[in-house]
Amino acid sequence: MKEELPKSYNSDVEVEIYSLWEGSGLSNPDNMAKYLKEAGYDVKKPFTITLPPPNANGNLHLGHVCGYSFHDVMGRYMRMTGHPTLLLPGKDHAGIQTESVFTKILEKEGKSKSEMGREEFFRRSYEFCTENAKNAREQEKRIGLSADYSREFFTLDPRLTKIVYETFYKMFEEGLVYRDKRIINQCPNCHTALADVDTEHEERRGIFAYIKYPIVGKDKEYITVATTRPETMLGDTAVAVNPNDERYKDLVGKKVILPIANREIPVIADESIDMELGTGALKVTPAHSPIDFELGKRYGLEVRNVINENAKMEGDIPERFKGMGTIECSKALCEELEKEGLLEKIENIKHDVMICERCKTLIEPIISNQWYLDVKPLADKALEEIRKGNIKVIPIGQQKALEHFYENIEPWCISRQLWWGQRIPVWYSGGKKLYDWLQENEGKGVDDYENETGEEATGTGKIHLGEEQPNVENNEIWEQDEDVFDTWFSSGQWPFSTLGGPEGEDFKKYYPTQVMTHARDILFWWSARMIMMGIYKTGEVPYNTVFLTGMILAADGSKMSKSKGNGVEPKEIFEKYGADSLRMWYYSDALPGSNAPLREEKIKGNRNFVNKIWNASRFIVMNIDDKEMGEISNFKITESERINITKDHIGKVSRYMEKYQFNLGAEAIREFFWHQLCDVWIEEIKNDIKDEGIGSEKRIKSLSELLYILKENLKIMHPFVPFVTEAVWQELVKLGLADGILMSQQMMSH
RNA sequence: GGGCGAUUAGCUCAGCUGGUCAGAGCAUCUCGUUUACACCGAGAGGGUCAUAGGUUCGAAUCCUAUAUCGCCCACCA
């Protein structure tokens, strides 16, 4: 018996609908393949997306939800066209960010990280993430993501770590990863080294100080250098000028006195020095500036560390400066120089500085030993694949950016001085310091180390790869590396690690994947690495298409951020308009390469569309009399003009789907359903049958055709608006007018 | 400094390989309470497609400049 359906669609049922999908198990591609086979369909090639894992330490924002909407529209379409579909979900441990968030939480509880100890900290962080991941997972489901949660991974899952370690071992054996001593980007707030991509540039106010360095053997003759960072002068080991600079020609090879420190340092000449800039004379601080470091290497200059990893002054410097912050020291130095008459002037300038991408703290360039991955050969292969057309980035402009990134890539610093992450699986006999010393001093041995450093060696200086300590011989002491891998070193392996690695069962079935979708702001961090590491480890590109969604912005066009308080929680939108409405907005507005300022009125417009689907369906169902149900459900559909037009429409939408033109697809389904099916056909048929008696041939024929067209429309609309279409489908099932669940129905061929 | 992209109705933007391409949604205005839906229906207004040249039978669509805006990359001390 037919019940009266509610007059308007209530999106509260979305949660229930999701449970129905979950209960069906058809998000699992193995089950879907079985279903297709049993139902007599061709089982086509699997479709796989290893979904971007959001940070496990927080909630999803509208940007994440946007990404999942795109993954899901692709996945649902593929599933309904014969492809067993795997949307593999995960959660990211997000190294630096989580460590900092969790450390702050501990501080609030009055506990400290160091007191807690590494193991306990790790355990507690893991719990914290596991707990928080629930929120993210709920939100993924709320937008309708038809992912296979039986395959969900956390990036620190031991199964993934194992694969990440294997990759590292392979890279070590091939000489691609190595320890090196060079200038790194140290974030004094996060207390770790950062890769170049983990930094940003920002224009900030600063000073440009002109300092006079007295020339040795001359009275009151100086060479003036200009610097934005006077505090680094304590570590100066040369002054550099351009060899073609007439002003300084005679000084090259002479010595000058470094004020305050009272050391003699040479004047050297190098082509790279810009004569126009400042005074044309550059103070060279190899330990604290990348350019200077290179100069130092070229001319064999001494490297003097005067700033430590916490951005405090230290080293071989006058006692009074030790422990000062860099700015404090800069001021103190300028005052002293002023008194000595060696400060020519100070200009106030605006200049670009490097800051931490996470916490916006000023980066301190310091010398340090870190693990590096020589990504150049991997980048070359990635470039080759792009040029062969095996990888496409949508939009194309970003593909050019990616190529540019690969062309100019530098070794990637992959070690981080954190606890939260995958600990680097390396042991050093006699400690890291010994190993690094031997690496730096090629040809020298342990004896030399003891003689030159005056320290006793506690091992052979050998290295051991592995998670477990090797057997101890001759009382040597093995020390495990304290550092962890950069988060992106592991997430760069996501497409194959989550499938069990090259030997995994899932890998054989579901790799390579087809597409990767994420916001464009992590292109270099993530996709760039996944492509390189995928090719490296598996010999195949991990996916052929990178689909970059637009950036979701606040209504005024600015970035949504917690600090500005202009963020909108997905929950708010879900409650007000439902997931389908939000999805439709994404498809039409959050296009690749664009910015999408949140437009609530547009989401509202889509809510109206969702309701229209519900209502038109309700009307069709209402028109079918109970006595006609049987006959209509068994009616043999024949060709008709309306059905042909519908077929064409489905073909058109399918082509949009295959070309990733979801905006056009969304527009087309809306246009067709509303303005063709509702405004024209329903009206026509309403008119046709208004004087017909129940059960008449004309009624049966017209209503059967209408029902058929409705069902085909529900199918083609389902990837876009899965909830409302499934809700309607289930009403049809109740009446015996449809079977199963819509999610697994197969599209009409076209 | 280098690279990329944008500039189309009041707003946010579509417009794929040049020829019904001058569009959509929202907003505005008029009319309509017809037994699916007012989260509705019927209709209307509104743009020399940034500017200037060029290619072409024909350009919003291709090329070249110019202007404005945005993003990314970058060791100018």
Side-chain angles (χ1 to χ4, degrees), chain A residues 4-11 183 185 196-197 199-201 206 208-209 225-229 232 239-240 272-274 276-285 288-295 349 351-354 363 365 395-405 407-410 520-521 523-524 550-551 553 555 557 577-578 581 584-585 588-623 655-656 659-661 663-664 666-668 670-671 674-675 678-679 682-683 686-687 690:
Chain A
E4 184 75 8
L5 297 176
K7 270 184 92 166
S8 62
Y9 174 70
N10 184 343
S11 59
I183 289 263
N185 312 306
D196 295 337
V197 291
T199 64
E200 284 177 356
H201 294 264
F208 204 30
V225 297
T227 179
T228 55
R229 302 195 58 197
T232 63
V239 169
S272 71
I273 305 303
D274 186 341
E276 309 293 317
L277 198 63
T279 61
L282 171 70
K283 58 186 269 322
V284 184
T285 321
H288 300 293
S289 154
I291 316 171
D292 299 9
F293 181 72
E294 287 307 315
L295 282 171
I349 57 162
H351 65 141
D352 276 351
V353 294
M354 205 187 250
I363 292 295
I396 189 74
Q398 293 297 305
Q399 179 165 319
K400 288 178 191 157
L402 183 60
E403 288 178 31
H404 187 258
F405 174 78
E407 283 162 1
N408 298 293
I409 205 156
E410 291 290 324
R520 69 164 178 267
D521 56 352
L523 179 62
F524 301 142
M551 297 287 290
L553 304 173
Y577 306 106
S581 317
M584 281 297 278
W585 175 66
S588 49
D589 271 31
L591 299 172
S594 71
N595 292 325
L598 187 64
R599 282 288 118 81
E600 216 172 309
E601 65 277 14
K602 294 182 87 167
I603 299 174
K604 192 169 157 190
N606 288 321
R607 192 270 317 266
N608 296 351
F609 170 59
V610 167
N611 188 56
K612 187 77 182 179
I613 295 173
W614 174 259
N615 243 295
S617 307
R618 167 173 168 267
F619 177 72
I620 293 171
V621 169
M622 261 173 35
N623 264 280
R655 283 190 295 280
Y656 288 144
K659 286 155 79 178
Y660 299 95
Q661 294 174 318
N663 57 323
L664 300 180
E667 194 183 315
R670 179 189 171 108
E671 168 72 22
W674 202 320
H675 302 298
C678 295
D679 291 349
I682 288 181
E683 291 306 318
K686 199 197 277 184
N687 209 37
K690 69 170 185 247

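A, B, ... follow the sequence lines: proteins, then strands. Residue 1 opens every chain.
Closest contact between the side chain of A:Lys612 and the listed nucleotides B:A14, B:C16, B:A36 involves B:A36. The side chain of A:Arg607 has B:C39 as its nearest neighbour among B:C13, B:A36, B:C39.
Atoms CD1 and CD1, from A:Ile620 and A:Ile682 in turn, are 4.0 Å apart once rounded to the nearest 0.5 Å.
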Mark up nucleotides 72-77 of chain B, 5' to 3', with B wherever a protein heavy atom is under 4.0 angstrom from a base atom, S wherever such an atom reaches only the sugar-phosphate, and - elsewhere.
-> SSBBBB
Nucleotide by nucleotide, 5' to 3', does protein get under 4.0 Å of the base (B), only the sugar-phosphate (S), or neither (-) in nucleotides 18-33 of chain B, counting heavy atoms?
-> -------SS-------
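Among the atoms of the strands shown, none is found under 4.0 Å from any heavy atom of A:Asp521. When heavy atoms are screened at a 4.0 angstrom cut-off, A:Leu591 is found touching the sugar-phosphate backbone but no base atom.
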Could you give me the CA-CA distance, side-chain angles and deciding distance for A:Asp589 and A:Arg599, then say whether salt bridge (Lys or Arg N to Asp or Glu O under 4.0 Å) is met?
-> CA-CA 9 Å; A:Asp589 271 31; A:Arg599 282 288 118 81; over 6 Å; no
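Going from the C1' atom of B:U51 to that of B:A67 covers 7 Å, rounded to whole Å. One P atom belongs to B:A52, the other to B:A74, and the distance between them is 39 Å to the nearest Å. With P as the reference atom, B:A59 and B:G53 are 14 Å apart, rounded to whole Å. The separation of B:A36 from B:G47, taken at their C1' atoms, amounts to 37 Å, rounded to a whole angstrom. Of the C1' atoms belonging to B:U28 and B:U34, the separation is 26 Å, rounded to the nearest Å.
Whole-Å rounding puts the A:Lys690 NZ to B:A36 P distance at 12 Å. Here the P atom of nucleotide B:A14 and the CG atom of A:Asn663 are 8 Å apart, to the nearest Å. Between A:Ile613 atom CD1 and B:C40 atom C1' there is a gap of 15 Å when expressed in whole angstrom units. With rounding to whole Å, A:Ile396 atom CD1 is found 14 Å from B:G3 atom C1'. Atom OH of A:Tyr656 and atom P of B:G15 are 10 Å apart (whole Å). Remark: C1' of B:C39 and OH of A:Tyr9 are 13 Å apart, rounded to the nearest angstrom. Between A:Gln399 atom CD and B:G5 atom P there is a gap of 11 Å when expressed in whole angstrom units.
In this structure, the side chains of A:Lys7 and A:Arg618 come closer than 4.5 Å at one or more pairs of heavy atoms. The closest side-chain heavy-atom distance from A:Pro290 to A:Met354 is not below 4.5 Å. Side-chain contact between A:Val353 and A:Thr228 is absent, with no heavy-atom pair separated by less than 4.5 Å.
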Pairs under 3.5 Å (Watson-Crick or G-U), crossing ones as [ ], inter-strand ones as |: RNA chain B comes out as (((((((..((((.........)))).(((((.......))))).....(((((.......))))))))))))....
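A close approach under 4.0 Å does occur between a side-chain nitrogen or oxygen of A:Lys7 and OP1 or OP2 of B:C37.
For A:Lys400 and B:C4, a side-chain-to-base donor-acceptor distance below 3.5 Å is absent, hydrogens and geometry of angles not being considered.
Under the 3.5 Å distance criterion, with hydrogens and angles disregarded, no donor-acceptor pair is assigned to the side chains of A:His288 and A:Asp292.
Between A:Glu403 and A:Lys400, no side-chain nitrogen of the basic residue sits less than 4.0 Å from a carboxylate oxygen of the acidic one, so the salt-bridge criterion is not met.
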